[in-house]
Amino acid sequence: MNTVKAIYPGSFDPVTNGHLDLIARGSKIFDHLVVAILRNSSKNPLFSVEERVDMLTEALAGFENVSVATFDGLLVDFVREQHAQAVVRGIRAISDYEYELQMALMNRRLAPDLETIFLMPDGKYSFVSSRLVKEVFTLGGSIEGLVPQFVIDRLKVRVPTNGH
Ligand code: PNS
């Protein structure tokens, strides 16, 4: 029987409920889903790769067919290494599409056999991003319901704020 393995790559700095919603959807479609954190990101992350692995591992404890990994270099090389057939990315709004299409087509040029599959998170997460979550939290706003509670707890330790 053919099984389909997919890679869901990203920064996950930190994981949000939008990511988790997408992972839940992906886990129903694919036999195995690997959530893959990019190690050598040009973005300046708040959480170390190890902290992000820990948070994702905790969040994904209930999923039997989802695992967490990290990768360096080209995504297509990691996908090959993993013997996966697909890459999953989330599209929250049409504004995401342009960048995602560009990446998907570049990846297709590099690895013609690899398919990128776009999934939409629940509409209630359409405005949620790791960047905004960090910004709102840092400025003292509530991010309740947008990330798991243990992410809020870690942010409280990490980020000095006026409002928390
Ligand atoms: O969550 P992000 O930060 O939007 O994820 C971006 C990510 C990690 C998917 C993308 O930057 C990536 O795949 N980087 C690995 C390097 C690579 O393959 N670059 C060419 C992509 S077309």
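Remember, it's 1-based here, ligands and their atoms both numbered in the order they're listed. These numbers come from a predicted model, not from an experiment.
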Any protein N/O atoms within less than 3.5 Å of an N/O atom in ligand 1? List the atom names and distances, or say none.
residue: ligand 1; atom: 1 (O); partner: Ser11; partner atom: N; Å: 3.1
residue: ligand 1; atom: 3 (O); partner: Ser11; partner atom: OG; Å: 2.5
residue: ligand 1; atom: 3 (O); partner: Lys43; partner atom: NZ; Å: 2.6
residue: ligand 1; atom: 4 (O); partner: Arg89; partner atom: NH2; Å: 3.0
residue: ligand 1; atom: 5 (O); partner: Arg89; partner atom: NH1; Å: 3.3
residue: ligand 1; atom: 18 (O); partner: Leu75; partner atom: N; Å: 2.8

### Message
When you compare the side chains of Ser48 and Glu51, does any donor N or O come within less than 3.5 Å of an acceptor on the partner?
### Response
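The answer is yes; a qualifying pair exists.
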### Query
Does a donor on one side chain sit under 3.5 Å from an acceptor on the other, for His32 and Thr3?
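Not at all, the side chains of His32 and Thr3 share no donor-acceptor pair under 3.5 Å.
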#### Entry: Close side-chain approach of Arg92 and Met120, heavy atoms under 4.5 Å
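Sidechains of Met120 and Arg92: no contact.
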### Task
Can you sort out the partners of Phe78 under ring-ring contact (aromatic ring centres under 6.0 Å, His included), two or more places apart, ordered by chain and number?
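Counting only residues at least two positions away or on another chain, Phe78 forms a ring-ring contact (aromatic ring centres under 6.0 Å, His included) with Phe71.
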### Query
Can you check side-chain contact (heavy atoms from CB on, under 4.5 Å) on Lys5 and Val34, steps first, answer last?
CA-CA 8 Å; Lys5 183 175 184 179; Val34 180; 3.7 Å; yes
### Task
Can you establish whether the number of heavy atoms outside Gln102 located under 6.0 Å from its atom CD is more than 12?
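Open.
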